[in-house]
Amino acid sequence: MSNSDKKAVPLFDELVKKIEALSGIKFNQEELTNFDIRKERAREARLAHIEIEREYENSRKKAIEAIYRSHMVDPKITFDSLIVDDYNQDAINCAKLFCYAQKEDNKVPLLFIQGAEGTGKTMLCHAIANYWLENHSHDISLTSLDQIRKTRFFYTKDESELRDERDEQWEKYLNKKLIILDGFLQSREGMTVFDQKIFSELLRERHARSLPMVITTPVMFSSLTTAMGGYCYESLLEYEVLAKSLLGASRRKPLIVNGVAIS
């Protein structure tokens with residue numbers, strides 16, 4: 001018996017006496033003599049572990065349900081539901097590799113998917129999100145730079161509560177286990193100085209926390225440096241970047257008018 005256990009026995013005996021005096025109930029001394037503190041502690045530790053696991057799983061399910069209720073992620077779009085062809089197979093396989101791979105020391109993965117409008121960037125984002133929700137973490141966000149930008153707007157007339165809310169949301173973006181940034185540079189225009197500051201800060205802070213990202217864009221990889229600015233591009237290169245293009249024509253269903261597809 002360890003010294004701590006030896007010290008605990010007299011304290012336990014004293015506690016029993018006080019309970020007997022208060023309750024008027026006499027405990028079975030033989031059972032108390034055979035009481036094994038170490039076994040009891042181990043049993044309590046196991047019960048506590050089971051309860052913690054149960055609470056975590058309940059909170060995880062609630063968080064995933066909240067994500068689906070917000071329509072942030074479509075639960076029906078998974079890797080199994082994606083239609084794979086010769087033009088998108090490489091990009092889908094790259095996305096799977098990003099999801100399956102174990103992070104190596106000092107290497108923070110970032111998946112960069114490029115593709116023209118309608119080639120399936122957003123569908124791929126939903127598939128990645130659903131894989132992470134099921135297999136990794138519920139603490140994810142499928143968002144856009146526009147949404148992130150809103151957390152960095154400040155006006156002198158804002159009430160302190162609004163500023164605090166934006167600061168809190170910004171911190172959440174910095175600490176999400178995964179951020180999927182869909183439609184980056186969607187307008188195909190160069191980033192403003194303000195956006196460059198926000199985006200580079202987001203990249204650097206998340207890299208410092210070893211947190212991965214997914215980014216999709218219609219901009220050709222050869223034009224990224226010009227579109228996002230050199231400082232943002234250098235921040236991007238700190239990551240272990242996996243990059244692929246979604247090729248082919250638009251995969252969106254065409255608008256049908258009078259039996260004719262409108263392109």
Side-chain angles (χ1 to χ4, degrees), residues 63 66-74 77 91 95 98 110-130 132-133 138-159 161-207 209 211-221 223-236 238-239 241 243 245-246 250 252:
I67 289 174
Y68 288 149
R69 284 197 305 271
S70 71
H71 304 293
M72 178 199 304
V73 177
D74 188 336
I77 304 175
F98 170 83
L110 186 147
L111 177 65
F112 215 128
I113 297 294
Q114 184 275 332
E117 285 77 1
T119 51
K121 299 187 297 298
T122 299
M123 296 282 284
L124 191 54
C125 286
H126 285 278
I128 294 169
N130 278 308
W132 270 72
L133 289 173
H138 58 268
D139 187 27
I140 71 169
S141 178
L142 201 168
T143 186
S144 66
L145 185 59
D146 287 340
Q147 291 298 319
I148 295 175
R149 182 195 297 119
K150 291 176 182 178
T151 68
R152 307 308 285 158
F153 282 141
F154 292 95
Y155 302 98
T156 55
K157 294 183 179 180
D158 279 350
E159 295 182 359
E161 288 82 1
L162 291 176
R163 291 194 295 270
D164 291 343
E165 286 178 9
R166 284 196 291 265
D167 285 342
E168 183 179 350
Q169 186 60 46
W170 170 249
E171 285 297 322
K172 286 182 180 179
Y173 281 128
L174 296 183
N175 290 291
K176 288 286 182 182
K177 297 301 182 183
L178 176 69
I179 281 185
I180 304 174
L181 195 63
D182 191 25
F184 179 60
L185 297 170
Q186 191 66 34
S187 64
R188 298 176 184 264
E189 298 177 353
M191 297 177 71
T192 65
V193 174
F194 181 64
D195 284 350
Q196 288 183 41
K197 181 179 182 301
I198 294 170
F199 187 57
S200 61
E201 184 179 357
L202 179 73
L203 288 172
R204 287 185 286 104
E205 290 293 338
R206 288 187 60 80
H207 184 273
R209 293 164 169 79
L211 296 172
M213 290 182 63
V214 175
I215 302 174
T216 74
T217 183
V219 176
M220 298 293 290
F221 287 132
S223 302
L224 273 179
T225 307
T226 302
M228 69 169 60
Y231 189 54
C232 287
Y233 189 75
E234 290 300 320
S235 299
L236 180 72
E238 294 180 2
Y239 289 80
V241 179
S245 291
L246 280 162
S250 174
R252 293 172 181 165

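Just so it is clear, the values below take in all heavy atoms, side chains as well, and ignore hydrogens, waters and symmetry mates. Not measured: the values here are computed from a predicted model.
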Pair T143, L181 - check side chain to side chain contact (heavy atoms under 4.5 Å, CB included), show working. CA-CA 5 Å; T143 186; L181 195 63; 4.2 Å; yes
Atom CD1 of I215 and atom SG of C125: how far apart are they, to the nearest 0.5 Å? 10.5 Å
Quick one: closest heavy-atom pair of L145 and F199, and the distance? CD1-CD1, 4.4 Å
Identify the heavy atoms of I179 and R206 that sit nearest to each other, and give their distance. N-NH2, 3.6 Å
Using 0.5 Å steps for rounding, measure from the CE atom of M228 to the OG atom of S200. 10.5 Å
Can you list the residues that meet the ring-ring contact (aromatic ring centres under 6.0 Å, His included) rule with F194, with sequence neighbours excluded? F153
Working note: I180 + W132, criterion side chain to side chain contact (heavy atoms under 4.5 Å, CB included); need CA distance, chi angles, decisive distance, verdict. CA-CA 11 Å; I180 304 174; W132 270 72; over 6 Å; no
Measure across L203 and Y239 and return the closest heavy-atom pair with its distance rounded to 0.1 Å. O-OH, 2.6 Å
Does any N or O in the side chain of R209 come within less than 3.5 Å of the main-chain N or O of N175, such that one atom is a donor and the other an acceptor? no
Say you draw a straight line from CE of M213 to OH of Y173; how long is it, rounded to the nearest 0.5 Å? 11.0 Å
Heavy-atom pair with the smallest gap, counting every atom of P218 and R188: O-NH1, 3.3 Å
Looking only at heavy atoms, which two atoms of S245 and A91 are closest? And how far apart? O-CB, 3.9 Å
For a 4.5 angstrom cut-off between non-hydrogen side-chain atoms, does W170 reach E201? yes
Is there a side-chain contact between Q169 and K172 in this structure, where contact means two heavy atoms from C-beta onward sitting under 4.5 Å apart? yes
Test your reading of the model: is there a side-chain donor-acceptor pair from S235 to the backbone of Y231, 3.5 Å cut-off? yes
Beyond-backbone contact of L224 with L185, side-chain heavy atoms, under 4.5 angstrom: yes
Where K121 and Q114 come nearest, the two heavy atoms and their spacing: CD-C, 4.3 Å
State which residues pass ring-ring contact (aromatic ring centres under 6.0 Å, His included) with F221; sequence neighbours excluded, sorted by chain then number. F112
Rounded distance (nearest 0.5 Å) linking atom CG of L133 with atom CD1 of I140: 4.0 Å
Min side-chain heavy-atom separation L202-L174 under 4.5 Å: yes
Which value, rounded to the nearest 0.5 Å, describes the distance between E165 atom CD and L162 atom CG? 5.5 Å
Give me the one residue out of T216, D182, L142, I77 that meets side chain to side chain contact (heavy atoms under 4.5 Å, CB included) with T122. D182
Pairwise distance NZ(K176) to CG(L178) - rounded to 0.5 angstrom: 10.5 Å
